Amino acid sequence: MAKAVYICTRDAAKAKRYGPLLEVLAARLAPDNITPRPPLIQKDGAIALAVYSPNETILTHQNSICLGPIYEQNVEWWRTSSEPPDGTYAMFRSDAGRVEAVTDTLASRTIWYYHDKEVFIASTSQRAIVFLTGRFDFDRSVIPWMLSTGTLGCGLSWDKSIHWLPGDSILALDRKSWRTSLTTRTHPFSSVDRPPGHHESLLLDVLQETIGAHDHDLERWIVPLSGGVDSRGVLSLLVRNGARPHTLTWGLLHSMGREGNDASIAREIASYYDLKHTYHALDVHKPPVEVVFDRFIKQGEGRIDEIAGYVDGFAIWKHLHDSEVAGIFRGDEVFGYPLMTSIEKVLRYHGQVLWNDFTTMRSLEELGLPPQEAPDILRPRPGESLSLWRDRLCQAVDVQFALSALNDLKLSYVEVANPLLARRIVYLVRTLPDEERDEKRLWTKIVRSIGPKIDFAEHDAIGTIGGFLRSPATAEFLQDELSSHTAASVLPSALLDDIVANMYVEAPDRSRKVRYCTAARAFPRRVHNKLSRVLRGTESYFVGYNRLALRAFIICRATQLLHEDAAVVSSITEAD
């Protein structure tokens with residue numbers, strides 16, 4: 001579900017001030033293309049909480065709330081100090097002596113928190129915390145990470161005083177001493193030798209058990225269906241469990257007629273199961289690029305740059321919300337990845353590239369930007385195979401910082417269930433030998449055995465982000481924004497000038513001959529840059545100036561938005 005805020009004040013009398021602020025916050029967090037449901041706002045002594053755009057999937061018990069599905073039956077999830085249930089959720093629970101923020105196994109939903117001498121705030125939204133505290137202290141150390149990876153980096157937030165809660169964790173506030181304590185459960189990878197076929201039967205049993213524990217009305221849930229392994233696996237498990245969900249695929253209009261891609265394969269799978277299937281063409285909806293960027297950054301809070309699936313201005317998600325769809329089943333998973341032959345290839349595959357690897361760019365020191373220090377997770381442990389480290393990196397980085405950010409974009413519109421990230425599945429995967437995780441071998445075998453005998457897609461339906469970023473409207477918008485005084489107040493002018501000067505702008509209205517001549521004039525410079533990277537051994541470590549422009553714009557726009565959020569409280573206080 002959308003955004004949640006949980007507040008505990010040390011002085012109960014001061015909790016009253018947050019009631020009006022939580023009302024105002026509802027409008028700031030809501031998407032501008034829907035009519036959101038009325039927020040759930042609750043105040044009880046020193047506790048104040050809010051859930052924005054709630055639906056029937058939200059679990060509540062007195063002053064405790066859980067956003068996201070629990071894959072267990074009859075569990076008293078609200079009891080503090082109790083074992084967190086299996087599920088994919090963000091949970092906030094309390095009693096007279098204790099407040100807890102609880103993440104699921106892989107923090108598939110991010111919880112942020114703030115704690116000072118007077119107030120404790122935990123939320124699924126950084127913007128909400130900035131708004132409620134009335135101040136924004138920009139952490140400039142996120143700049144290199146956003147520029148090089150398109151994310152905020154491991155465990156970083158936009159604000160220096162806002163902290164990230166890792167997966168499998170309980171952050172507890174002792175309401176008497178006013179001290180917090182963090183407990184993070186560790187469950188390492190440890191291969192278990194099992195008889196032939198036993199890995200498969202165990203995993204299939206756990207998958208079916210998890211799917212069967214989902215007890216919401218599945219008539220109002222959708223399976224976003226691609227032509228790949230993961231969504232097909234989720235759909236096949238649901239159908240085996242007696243469900244008849246609708247399916248949805250999105251992509252470019254021309255993908256519908258292209259054989260072997262997501263659009264055609266998904267349609268074939270839905271037909272095999274005789275399910276209602278819808279294809280949404282992203283490029284039929286063409287809102288102004290400023291609207292696309294504004295919604296993308298507001299709803300995702302600038303956590304990630306993967307905008308390709310949202311170029312319709314969130315028209316898909318508006319339609320699902322307005323159709324009263326309760327939620328979607330995602331196929332995010334941790335079953336393995338392709339074989340890798342080097343540390344560099346593992347890091348590149350996971351998008352964990354440092355700015356200084358872009359050797360044709362000015363150094364961070366030259367640009368006056370903070371240094372970028374790689375966390376320990378970005379290095380394999382002694383004796384750890386590349387396959388094991390590759391998959392540990394997926395669970396510690398991909399899910400917690402990339403997939404969670406992508407889920408944030410959708411949660412203002414519909415609920416999201418991620419059954420393949422349930423604890424029982426994650427823990428079992430950690431016992432599999434490398435060869436069962438390489439190329440997702442075991443998971444793919446299971447999907448083939450329970451699903452239709454239809455080939456997997458060879459092409460995606462969405463297309464690349466590059467086409468959107470090179471279009472004249474997008475590229476010119478980014479060039480204008482990065483040439484502004486606002487951008488220069490956030491990022492070094494030397495960096496902005498370099499990005500703007502080197503961006504590529506397609507010109508579809510010109511003749512093919514003119515386009516070829518333009519490309520020919522630019523060819524020597526492009527060859528020189530490419531050859532330079534090859535000679536330095538860094539050919540794969542360059543994202544392109546248009547992608548850098550997007551990332552730079554996210555930094556500028558997100559910080560501007562957070563400054564605006566912080567200023568609202570001051571204006572409300574002055575009005576009072």
Side-chain angles (χ1 to χ4, degrees), residues 1-23 25-26 29 36-104 107 109-115 118-125 128-129 132 165 169-183 213-217 326-327 411 415 417:
M1 192 34 53
K3 312 290 183 183
V5 187
Y6 202 96
I7 304 167
C8 180
T9 57
R10 198 166 192 177
D11 180 353
K14 294 183 178 180
K16 295 179 181 179
R17 71 180 291 267
Y18 289 102
L21 294 180
L22 292 174
E23 295 281 358
L25 182 58
L29 295 183
R37 302 174 187 91
L40 166 65
I41 297 178
Q42 189 169 308
K43 299 180 287 294
D44 183 8
I47 299 291
L49 63 90
V51 180
Y52 298 106
S53 194
N55 66 18
E56 71 276 8
T57 66
I58 299 296
L59 299 177
T60 62
H61 186 275
Q62 297 179 356
N63 287 337
S64 299
I65 54 176
C66 178
L67 282 67
I70 291 175
Y71 304 125
E72 294 183 35
Q73 303 290 340
N74 303 318
V75 59
E76 295 182 338
W77 58 268
W78 60 85
R79 295 197 181 278
T80 60
S81 302
S82 67
E83 176 84 1
D86 195 358
T88 50
Y89 52 73
M91 185 182 296
F92 309 89
R93 57 193 190 183
S94 68
D95 57 27
R98 187 178 174 96
V99 171
E100 292 180 349
V102 185
T103 52
D104 61 34
R109 298 179 186 227
T110 307
I111 294 179
W112 311 93
Y113 65 95
Y114 169 89
H115 180 223
E118 301 298 333
V119 66
F120 171 84
I121 306 174
S123 178
T124 58
S125 166
I129 298 176
L132 292 168
L165 188 58
S169 294
I170 300 176
L171 176 71
L173 170 73
D174 185 309
R175 297 176 66 176
K176 183 177 181 180
S177 69
W178 206 246
R179 294 177 181 172
T180 59
S181 59
L182 175 63
T183 303
H214 191 93
D215 61 357
H216 293 299
D217 178 10
L411 285 167
E415 180 56 81

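Bear in mind that the values here come from a model prediction, so they are computed numbers and not experimental data.
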Let me confirm one number: the [atom1]-[atom2] distance from [X] to [Y], rounded to the nearest 0.5 Å.
X      : Y      : atom1 : atom2 : value
Ser181 : Leu173 : OG    : CG    : 8.5 Å
Leu40  : Leu49  : CG    : CG    : 6.0 Å
Phe120 : Ile7   : CZ    : CD1   : 11.0 Å

Please report the closest heavy-atom contact between [X] and [Y], naming both atoms and the distance.
X      : Y      : value
Ile111 : Ala101 : CG2-CB, 4.1 Å
Pro39  : Ala26  : CG-CB, 4.0 Å
Glu100 : Ser81  : OE2-N, 2.9 Å
Ala326 : Asn55  : O-ND2, 3.3 Å
Gly68  : Cys66  : O-SG, 3.7 Å
Ser123 : Ala4   : OG-O, 2.7 Å

Whether the side chain of [X] engages the backbone of [Y] through a donor-acceptor N/O pair (distance < 3.5 Å, no angle test) should be reported.
X      : Y      : result
Ser169 : Thr103 : no
Asp104 : Tyr89  : yes
Thr180 : Ala172 : no

Does any non-hydrogen side-chain atom of [Y] lie less than 4.5 Å from one of [X]?
X      : Y     : answer
Val51  : Phe92 : no
Leu132 : Leu22 : yes
Thr9   : Arg17 : no
Tyr6   : Ser94 : yes
Glu72  : Trp77 : no

query = Which is it for Leu411 and Leu67 under the side-chain contact (heavy atoms from CB on, under 4.5 Å) test, yes or no, and what are the steps along the way?
reply = CA-CA 10 Å; Leu411 285 167; Leu67 282 67; over 6 Å; no
query = Pick one: which of Arg93, Lys43, Gln42 meets side-chain hydrogen bond (donor to acceptor under 3.5 Å, both in side chains) with Asn63?
reply = Gln42
ask   = What residues, two or more places apart in sequence or in another chain, satisfy salt bridge (Lys or Arg N to Asp or Glu O under 4.0 Å) together with Lys14?
value = Glu118
message = Going by side-chain contact (heavy atoms from CB on, under 4.5 Å), Cys8 matches just one of His115, Arg175, Arg98. Which one?
response = Arg175
inquiry  = Pair Leu25, Lys3 - check side-chain contact (heavy atoms from CB on, under 4.5 Å), show working.
reply    = CA-CA 10 Å; Leu25 182 58; Lys3 312 290 183 183; over 6 Å; no
query = How far apart are the C-alpha atoms of Trp78 and Gln62, what are their side-chain angles, what is the distance that settles it, and do they pass the side-chain contact (heavy atoms from CB on, under 4.5 Å) test?
reply = CA-CA 9 Å; Trp78 60 85; Gln62 297 179 356; over 6 Å; no
ask   = Can Leu165 and Trp112 be said to form a side-chain contact (heavy atoms from CB on, under 4.5 Å), step by step?
value = CA-CA 6 Å; Leu165 188 58; Trp112 311 93; over 6 Å; no
